Amino acid sequence: MQTKGPLPGFRDFYPEDLARRTAIFRAWRAVARRYSFVEYDGPPLEPLELYTAKSGDEIAGQLYSFEDKGGRAVSLRPEMTPTFARMVAARANALPKPVRWFSLPQLFRYERAQRGRLREHFQLNVDIVGEPSELADAELLCVAIDIMRELGLGPNGVRARVSDRRLLNALLAAIGVTEGQLGAVYGVLDKIERQPHEISREKLEAVGLVPNQVERVMALPDISSMDDLDRDFGHVEAAQPAIAQFGRYLGHLHALGVEAWVDVDLSIVRGLAYYTGTVFELFDARGELRAICGGGRYDNLLGQLGGVDLPALGFGMGDVVLGELLKEHGLFDDGLAEGPDFWVVSSEHNAPATVLRAAAALRRLGYAAEYVLNEEKLRTQKSSAQIKSAERAGAAWLMVLRDDARAEVRPLSRAPGAPARDGTEIVLHDLLDPERGFAALAEAGVPAPRED
RNA sequence: GUGGCUGUAGCUCAAUUGGUUAGAGCACCGGACUGUGGCUCCGGGGGUUGCGGGUUCAAUUCCCGUCAGUCACCCCA
């Protein structure tokens, strides 16, 4: 039933949903920082021309754009790169190179929603500016792969498919593909897995490739190693620099310890035209979902967008497909319950106000504390019923009041059917002093409060 | 934007060839088990069957439209 709810393609985040999102964000930030990237952000709403100027009308049809009350043509951001380019360009001379920035923007597009593709999503953006070395390319991909590792996904669950446009251009030139045919050939390679080979061949013939050229293009996706490259193109003098460069890239990935994830795949093209060098995509190993992540080197884009001639590379990783994959692998099950640290239970021997004082003291110490939020129940409800509430709330510890001066502290969780364990008695007054309070709780086995 | 499939309680699903007041489990709320627990038992709230029209004595069921979801195409930052 769907009478009211979020707009099509938008999501409500219930606490359990937000907990999953937060888990993804945590992994993103943790790994990015581990590689010494720093976080930035920009406006979610930008001038429309920021996006139409770059690639013409290519994505204009999918922009979530409108006119604001001041008559300005504006758009919710569909991607972060133009904003990033503007910000970097504005301080290009002052920033130490290479620039290593990341961001977690919420992005928007206006198109029909389908699985893994909504009108709104969060996308980690990681970019490096000012470094032409393939060491930077390797570092960048390593970040993306390390995030998979951080989330519990190994080489059996996720594959990184890598290619390089400079390499591909060199190989296509060796085959005899002309500049004018390049775009069409890219298109065929991009779809070669999803489209019958007959169609691919027809399209290649349609742009003027002779049968021998068609077969050599169709064979490019079979190249999966440096050995394959040497075998098929080792004799082509003009292709050697690009082949060697790609080899260095793979070598760095090996040294960084992520080689097990990486597959050479020359059919990885990436849709947008601005990539100039390495390109890569991360996929679930079963190939059931859309790409988890995509990126590469775009050495000319900062010049076009921001007017500064700096090499750059980056990737985007969305939360939607990633979330589906984590759900499939059952990696979302733990750590979702955010219950209180303590549940304070009243007894017939204490005044209700004592419950409030005990909870307040725990909270001042930094613990999350809860109790039955109903005065009548606080006076009369049996402790068994209160403990039942504590369980449902997911509390970690019970503080059962003995009277107005003392309480028993014990862990709530226990094996089903096991008898209740005896707790440790503490003096409530001790909680008012941090030093004595933490000491008393430590004696009962309670860890220090979490800080986050 | 184009086409296919699907819409019944918060969730998963029932309801005879079209037939009376649309049911169950889980979840939620309350209570009992006469003061330290996941069990068990009892009770309760909750639906204009997505919405609107049509056919019919009668529509959850058949037809049309619409909205939403989903899949494919287009596209993919």
Side-chain angles (χ1 to χ4, degrees), chain A residues 1-12 14 16 46 50-52 54-55 57-64 75-85 105 107-119 121 123-125 127 187 190-191 194-195 268-275 279 281 288-291 293-296 298 301 305 314-318 320-321 343 345-350 374 376-377 379-395 398-402 407-423:
Chain A
M1 194 180 66
Q2 177 73 38
T3 47
K4 54 192 164 187
L7 287 168
F10 286 77
R11 298 170 286 176
D12 285 334
Y14 288 86
E16 62 269 28
E46 290 276 20
L50 183 66
Y51 306 111
T52 53
K54 182 180 76 171
S55 45
D57 297 325
E58 190 167 0
I59 58 173
Q62 297 175 10
L63 288 175
Y64 215 111
S75 175
L76 291 166
R77 57 186 176 196
E79 56 168 331
M80 199 57 178
T81 304
T83 302
F84 171 73
L107 305 179
F108 306 86
R109 60 185 148 219
Y110 197 92
E111 62 170 350
R112 197 147 160 180
Q114 43 185 302
R115 186 179 188 197
R117 202 129 187 252
L118 308 173
R119 285 183 170 178
H121 71 142
Q123 187 189 68
L124 169 69
N125 274 249
D127 291 273
D190 187 34
K191 289 191 178 175
R194 288 162 284 161
Q195 168 171 278
I268 295 298
V269 172
R270 303 286 303 149
L272 277 211
Y274 58 63
Y275 289 104
V279 287
E281 293 185 346
E288 293 170 353
L289 305 172
R290 295 167 183 282
C293 166
Y298 49 92
L301 191 64
L305 283 182
F315 72 79
M317 182 186 294
V320 181
V321 176
W343 191 285
V345 177
S346 63
S347 72
E348 58 185 329
H349 304 296
N350 68 270
N374 179 291
E376 179 66 17
K377 288 179 181 173
R379 286 182 195 283
T380 62
Q381 198 174 47
K382 287 182 294 191
S383 49
S384 61
Q386 295 184 44
I387 291 169
K388 208 169 277 186
S389 298
E391 274 176 344
R392 275 187 303 198
L398 287 175
M399 176 170 283
V400 184
L401 299 185
R402 293 257 170 86
E408 175 192 338
V409 171
R410 72 158 185 276
L412 180 78
S413 61
R414 64 160 199 211
R421 286 195 292 172
D422 284 338

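Each chain gets a letter, A, B and so on, in the order its sequence line appears, and its residues count up from 1. Not measured: the values here are computed from a predicted model.
To the nearest 0.5 Å, the span separating CG on Asp127(A) from CZ on Phe84(A) amounts to 4.0 Å.
Counting only heavy atoms from C-beta on, Tyr275(A) has its side chain closest to A77(B) among A77(B), A68(B), A72(B). Considering only the side chain of Arg194(A), C76(B) comes nearest among C76(B), A77(B), G37(B). Side-chain atoms of Tyr274(A) lie closest to A77(B) of the nucleotides A77(B), G69(B), C74(B).
The separation of C67(B) from G52(B), taken at their C1' atoms, amounts to 10 Å, rounded to a whole angstrom. Rounded to whole Å, the P atom of C62(B) lies 8 Å from the corresponding atom of G18(B). Comparing the P positions of U20(B) and U49(B) gives an interatomic distance of 15 Å, to the nearest angstrom. U61(B) and U8(B) have their P atoms separated by 13 Å, with the value rounded to a whole Å. Straight-line distance between the P atoms of G4(B) and C11(B): roughly 27 Å, to the nearest whole Å. Separating the P atom of U66(B) from that of C71(B) is a span of 22 Å, rounded to the nearest Å. Using atom C1' as the reference point in both G31(B) and A24(B), the two lie 23 Å apart (nearest Å). Between A22(B) and U60(B), the two P atoms lie 10 Å apart (nearest whole Å).
Nearest heavy atom pair, residue Pro82(A) against residue Leu305(A), reads CA-CD1, 3.8 Å. Smallest separation of non-hydrogen atoms from Asn125(A) and Gln123(A): ND2-OE1, 3.0 Å.
Distance, Lys388(A) NZ to C33(B) P: 11 Å, rounded to whole Å. Computed from coordinates, the Glu16(A) CD to G10(B) C1' distance equals 11 Å when rounded to whole Å. Rounded to whole Å, atom C1' of C75(B) lies 14 Å from atom NE2 of His121(A). With rounding to whole Å, Arg290(A) atom CZ is found 12 Å from A77(B) atom P. Summarising the geometry, the separation between CD on Glu111(A) and C1' on A72(B) is reported as 14 Å, rounded to the nearest angstrom. When the P atom of C71(B) is taken as reference, atom CZ of Arg112(A) falls 11 Å away, rounded to whole Å. Straight-line distance from the CD atom of Gln62(A) to the C1' atom of C74(B): 9 Å, rounded to whole Å. Computed from coordinates, the Tyr51(A) OH to C76(B) P distance equals 17 Å when rounded to whole Å.
Within the nucleic acid shown, Gln386(A) has no heavy atom closer than 4.0 Å to any nucleic acid atom. Nucleic acid contact for Gly9(A): sugar-phosphate only, since backbone atoms but no base atoms lie under 4.0 Å from a heavy atom of the residue.
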Treat a base pair as Watson-Crick or G-U wobble with both distances under 3.5 Å, then lay out RNA chain B in dot-bracket form, 5' to 3', with | for cross-strand pairs.
-> (((((((..((((.....[...)))).(((((.......))))).....(((((..]....))))))))))))....
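Taking 3.5 Å as the limit, the base of G69(B) and the side chain of Arg117(A) contain no donor-acceptor pair of atoms between them.
Remark: the backbone N or O of Ile268(A) is not paired with any side-chain donor or acceptor of Glu281(A) at under 3.5 angstrom.
Each of Gly116(A) and Asn125(A) has a nearest nucleotide on RNA chain B; the 5'-most of these lies closest to Gly116(A). Place Arg379(A) and Lys191(A) on RNA chain B by their nearest nucleotides, and Arg379(A) ends up nearer the 5' end.
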Stepwise side-chain contact (heavy atoms from CB on, under 4.5 Å) check, Gln381(A) with Lys388(A) | CA-CA 11 Å; Gln381(A) 198 174 47; Lys388(A) 208 169 277 186; over 6 Å; no
side-chain contact (heavy atoms from CB on, under 4.5 Å) evaluation trace for Arg77(A) with Tyr51(A) | CA-CA 8 Å; Arg77(A) 57 186 176 196; Tyr51(A) 306 111; 3.0 Å; yes
Given Glu408(A) and Arg402(A), is the side-chain contact (heavy atoms from CB on, under 4.5 Å) satisfied, shown in steps?
-> CA-CA 7 Å; Glu408(A) 175 192 338; Arg402(A) 293 257 170 86; 3.2 Å; yes
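When side chains are defined from C-beta on, Leu301(A) does not count as touching Tyr275(A), because their heavy atoms never get closer than 4.5 Å. Side-chain contact check for Arg109(A) versus His121(A): some heavy-atom pair is nearer than 4.5 Å. Proximity of Arg119(A) to Tyr110(A): side-chain heavy atoms (C-beta onward) are separated by under 4.5 Å at one or more points. At least one side-chain heavy atom of Ile387(A) sits less than 4.5 Å from a side-chain heavy atom of Leu412(A).
A sub-4.0 Å separation between OP1 or OP2 of U34(B) and a side-chain N or O of Lys382(A) is absent. Phosphate contact (OP1/OP2 of A77(B), side-chain N/O of Arg270(A), threshold under 4.0 Å): present.
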Return the polar atom pairs (N/O with N/O) between nucleotides 26-29 of chain B and the protein under 3.5 Å, or none.
from   : atom 1 : to        : atom 2 : distance (Å)
C29(B) : OP2    : Arg392(A) : NH1    : 3.2

